[in-house]
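Reading through the structure tokens given below for one structure.
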Amino acid sequence: MSLGDAWTGPVLVTGTDTEVGKTVVTAAVAAAAQAAGLRVAVVKPGQTGTATGEPGDVDSVTRLAAPLTGRTLASFPDPLAPLAAARVAELPPLELYNAVDEIREEADKHDLVLVEGAGGLLVPMGLRPSGEPWTVADLAVSLGAPAVVVARAGLGTLNHTALTLEALERRAVPAGVVIGAWPTEPELVHWLNLSELLPNLLGAVPAGAGGMDPGVFRRSAPGWLTPALYGVLDDWRAWAEET
């Protein structure tokens, strides 16, 4: 699968770190794909930090993009990595192949299944039947799915992004990058980072997009993404001039 082909089936959405904009990017891809006529499901294998009673990531995606289906496979109260959160709460951890089966079940009923991870690529998500921990990277390999890597725009992003892409390449997982929050007033560092990320870039979501009116968000999302993610952004030079 190349960066120019439209991605279908299960697609992992991971990040270079936590709080980089994975949920809003997931919503943007869901909105763009649905605008293109696809049946879209969003699956969150492990949601943590639910003790506060605030909406989970799937709830946020549903509010912004209204995918056909939204599912959370397991929720844990503490704001930790899913495996650690399960242990602290003394709850059963996520089992890798159960998650794979659930996602494949959705893939049989939808054109695109966006699977949002937790934190970064190698965060421990749960346990294999052998008792060994598994990660989002392992999930991508098991599903044969490509990955959208959500990255920051600012200082430090090049190293974090390169490490994540290298880890995926070593596992033969196709991957592209979406900037999770492009600033309203970009500085030199942001433009320089953009130029370095450009060969792998699939989109750039504006900062604050998660606070948009859902109708405006859905109409705007295709303009933030390239055709591989069902957007209309096909000329980065024109985009930069408009920005």
Side-chain angles (χ1 to χ4, degrees), residues 1 7 9-26 29 41-50 56-58 61 70-107 112-152 156-178 180 200 202:
M1 181 176 292
W7 293 12
V11 172
L12 273 291
V13 182
T14 187
T16 54
D17 199 354
T18 189
E19 302 299 326
V20 293
K22 291 189 300 296
T23 299
V24 176
V25 169
T26 300
V29 177
V42 173
V43 177
K44 181 80 173 181
Q47 175 71 58
T48 64
T50 56
D57 292 338
V58 169
V61 173
R71 291 186 59 192
T72 301
L73 302 186
S75 296
F76 307 104
D78 296 282
L80 304 168
L83 179 55
R87 286 171 170 163
V88 168
E90 299 182 345
L91 293 171
L94 276 163
E95 199 279 310
L96 173 60
Y97 298 111
N98 286 344
V100 168
D101 289 344
E102 296 278 4
I103 293 164
R104 284 180 173 160
E105 181 180 319
E106 296 302 335
L112 178 67
V113 181
L114 298 170
V115 183
E116 185 187 343
L121 181 68
L122 301 183
V123 167
M125 295 291 295
L127 296 178
R128 299 172 181 267
S130 64
E132 293 295 313
W134 61 273
T135 67
V136 172
D138 297 318
L139 185 59
V141 172
S142 297
L143 289 167
V148 174
V149 176
V150 183
R152 290 190 172 92
T157 197
L158 296 182
N159 181 60
H160 294 159
T161 305
L163 288 170
T164 303
L165 291 175
E166 182 176 302
L168 288 164
E169 184 179 6
R170 289 182 62 186
R171 292 165 172 80
V173 175
V177 177
V178 175
N200 298 300
L202 295 175

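Scope of the values below: all heavy atoms of this structure, side chains included, with no hydrogens, waters or symmetry mates. Remember, it's a predicted structure, so these values are computed and weren't measured experimentally. Start at 1 with the first residue, then count along the sequence.
In terms of heavy-atom proximity, Pro77 sits nearest to Leu91 at CD-CD1, 4.2 Å. Residue Val115 comes nearest to Pro45 through the heavy atom pair CG1-CG, 3.6 Å, listed as atom of the first residue, atom of the second, then distance. Residues Gly15 and Val20 share a closest heavy-atom pair of CA-CG2, 4.0 Å. Nearest heavy-atom pair across Met125 and Ala118 is SD-CB, 4.0 Å. Taking both residues in full, the closest heavy atoms of Gly120 and Val136 are given as O-CG2, 4.5 Å, listed atom of the first, atom of the second, then distance. Taking all atoms of both residues into account, the shortest heavy-atom contact from Leu94 to Trp134 is O-NE1, 3.1 Å.
One distance of note links CG of Leu114 with OG1 of Thr26; it measures 6.0 Å at 0.5 Å rounding. Residue Arg71 holds its CZ atom at 5.0 Å from CD of Glu106, rounded to the nearest 0.5 Å. In this structure, CG in Leu163 is found 11.0 Å from CG in Leu168, a value given to the nearest 0.5 Å. The distance from the CG atom of Leu96 to the CG atom of Asp101 is 9.5 Å, given to the nearest 0.5 Å. One finds the NZ atom of Lys22 at 12.0 Å from the CG atom of Leu12 (value rounded to the nearest 0.5 Å). Rounded to the nearest 0.5 Å, atoms CD1 (Ile103) and CG (Leu73) are 6.0 Å apart.
Checked against side-chain contact (heavy atoms from CB on, under 4.5 Å), Glu105 has the following partners two or more places apart in sequence or in another chain: Glu102, Lys109. Not a single side chain to side chain donor-acceptor pair (under 3.5 Å) links Arg104 to another residue, sequence neighbours left out. Arg171 meets the side-chain contact (heavy atoms from CB on, under 4.5 Å) test with Leu122, Ala137, Val141, Ala167, Val173; sequence neighbours excluded. Taking the side chain to side chain donor-acceptor pair (under 3.5 Å) definition, one finds that Thr164 meets it with nothing, sequence neighbours left out. Taking Lys44 as the reference, Asp57, Glu116 meet the salt bridge (Lys or Arg N to Asp or Glu O under 4.0 Å) condition, with sequence neighbours excluded. When the salt bridge (Lys or Arg N to Asp or Glu O under 4.0 Å) test is applied to Glu95, no partner is found at least two apart in sequence or on another chain.
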Legend entry - Steps toward side-chain contact (heavy atoms from CB on, under 4.5 Å) verdict (Thr16, Val149): CA-CA 7 Å; Thr16 54; Val149 176; 3.9 Å; yes
Inset, instruction - Mind running side-chain contact (heavy atoms from CB on, under 4.5 Å) on Val29 and Trp7 for me, showing each step along the way? - result: CA-CA 10 Å; Val29 177; Trp7 293 12; over 6 Å; no
Inset, instruction - For Thr48 and Asp78, run side-chain contact (heavy atoms from CB on, under 4.5 Å): C-alpha distance rounded to whole Å, both residues' side-chain angles, the deciding distance at 0.1 Å, then the answer. - result: CA-CA 6 Å; Thr48 64; Asp78 296 282; over 6 Å; no
Inset, instruction - Begin from the C-alpha positions of Leu127 and Leu83 and carry the test side-chain contact (heavy atoms from CB on, under 4.5 Å) through to its verdict. - result: CA-CA 8 Å; Leu127 296 178; Leu83 179 55; 3.9 Å; yes
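Side-chain contact between Leu139 and Pro10: absent, with no pair of heavy atoms (C-beta onward) separated by less than 4.5 Å.
Side-chain N or O atoms of Thr135 include none that pairs as donor or acceptor with a backbone N or O of Pro124 at under 3.5 Å.
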